[in-house]
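Taking it in order: structure first as structure tokens, then the write-up.
Every number for a ligand or one of its atoms is a count from 1 in the order of the listing.
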Amino acid sequence: MLTPFAYSNFEHAYVDVLDLLMDRFEYQNAPRGNAARERIGLSFQIADPRARLPYLAERKVNPVWHFAEALWYLAGRNDVEMLAYYAPHVRQFSRDGRTMGGSAYGSRMFNPATVGDTSPFDRVLELLRTEQDSKRGLLPIFTADELAVVDNPDMSCVVALHLLVREGRLHMVCYMRANDCDRGLLSDTFSFTMIQEFAAVQLGLELGTYTHHIGSAHVGERDVPRIRRVLAEAELATSQRRFPFQRMPADTSFSTVSDLLVHEERLRSGRGRLRPQEIAALGFDPYWQQVLLLFEVHRQIRHCPADPVEESVLEALDPGLRWLVGHRWPTRMPPGKEVGS
Ligand code: 5HM
């Protein structure tokens with residue numbers, strides 16, 4: 001195979017990668033105590049990077065986490081606080097309890113680099129505006145200094161993201177040193193294709209393909225039972241449900257990201273709530289209103305543990321997101337509104 005295998009959407013790639021690692025792995029090892037099945041060198045390409053979420057009931061994808069992480073990257077943040085609210089386990093990867101290290105990819109791409117006051121991302125966009133067929137649109141993430149940190153709990157798994165404009169479309173290539181293909185791969189593909197689409201919007205280009213290259217592709221032994229269930233579901237083709245994936249609005253900018261995160265912070269801290277009609281009146285495009293609805297769902301789940309999620313909020317969600325929320329938090333659905341698989 002000289003070129004990566006091409007898939008129409010992420011779900012198909014994800015299922016194939018898991019299938020490969022289940023029984024056709026090359027190594028069984030336990031680096032830093034994490035027992036895993038591994039292959040060296042794995043690549044795939046997705047034709048439609050907007051189709052970035054798998055609809056697999058057994059996998060119980062958390063769409064709130066995925067949007068939160070993508071916005072955290074786009075905002076160039078490195079704080080533990082926001083991420084850990086959506087995924088408490090990330091705290092263990094912080095050395096000082098306040099900031100993330102190597103996995104704060106956004107802080108390396110969207111904040112000014114050491115030379116001048118322009119971010120690597122803005123420099124790449126500048127380059128692609130002037131020299132369309134360039135091969136130099138690289139956003140490096142991994143730094144050699146990370147290896148010098150003793151017992152580094154958070155070393156970048158991403159080596160670089162690479163943006164290429166070809167025939168009016170913006171392609172992205174992601175280079176990973178390592179990827180947990182059950183867990184990290186889901187989050188990484190979601191967030192990096194969001195960054196790709198954000199970049200395409202800034203450049204006024206159509207979205208191209210997304211290509212993912214992994215050095216160490218592995219799955220944890222602890223996840224094998226769930227992966228088998230996911231594969232059995234995919235085999236039965238129950239995941240033939242197809243929900244349309246919306247386009248990121250053409251006016252999305254860095255201020256959209258910071259405006260959204262003002263509301264996110266109010267909801268996260270419990271200082272406010274947002275009813276669907278309030279979200280609709282805030283002036284965001286319906287695409288981003290959906291993300292605020294997800295943050296409100298999460299507020300109710302975290303701050304009102306005794307109550308089901310309010311029907312009005314669930315009803316305002318796009319059917320695909322409602323499906324994911326219903327499968328992720330089945331016990332928090334209003335009576336009679338439980339989601340069948
Ligand atoms: O020992 P090592 O630093 O490689 O462990 C990190 C683990 O998190 C690996 O399983 C890696 O593949 C996974 N990971 C991932 O898949 C971690 C990050 C965070 O940098 C990521 N994707 N984005």
Residue of the set Phe44, Phe5, Tyr7 for which side chain to side chain contact (heavy atoms under 4.5 Å, CB included) holds with His12: Tyr7
Ring geometry between Trp323 and Tyr55 (parallel below 30°, tilted from 30 to 60°, perpendicular above 60°): perpendicular
Once the angle between the rings of Phe190 and Phe67 is folded into 0 to 90°, is it parallel (under 30°), tilted (30 to 60°) or perpendicular (over 60°)? perpendicular
Any chance the rings of Phe110 and Phe254 have centres within less than 6.0 Å? yes
Flag the pair Arg59 and Asp223 as a salt bridge only when some basic side-chain nitrogen lies within less than 4.0 angstrom of an acidic carboxylate oxygen. no
Residue shell around ligand 1, heavy atom under 4.0 angstrom: Arg32, Ser103, Tyr105, Met155, Cys157, Arg177, Ala178, Asn179, Asp180, Gly184, Asp188, His218
Lys/Arg N to Asp/Glu carboxylate O, Asp151 vs Arg95, below 4.0 Å: no
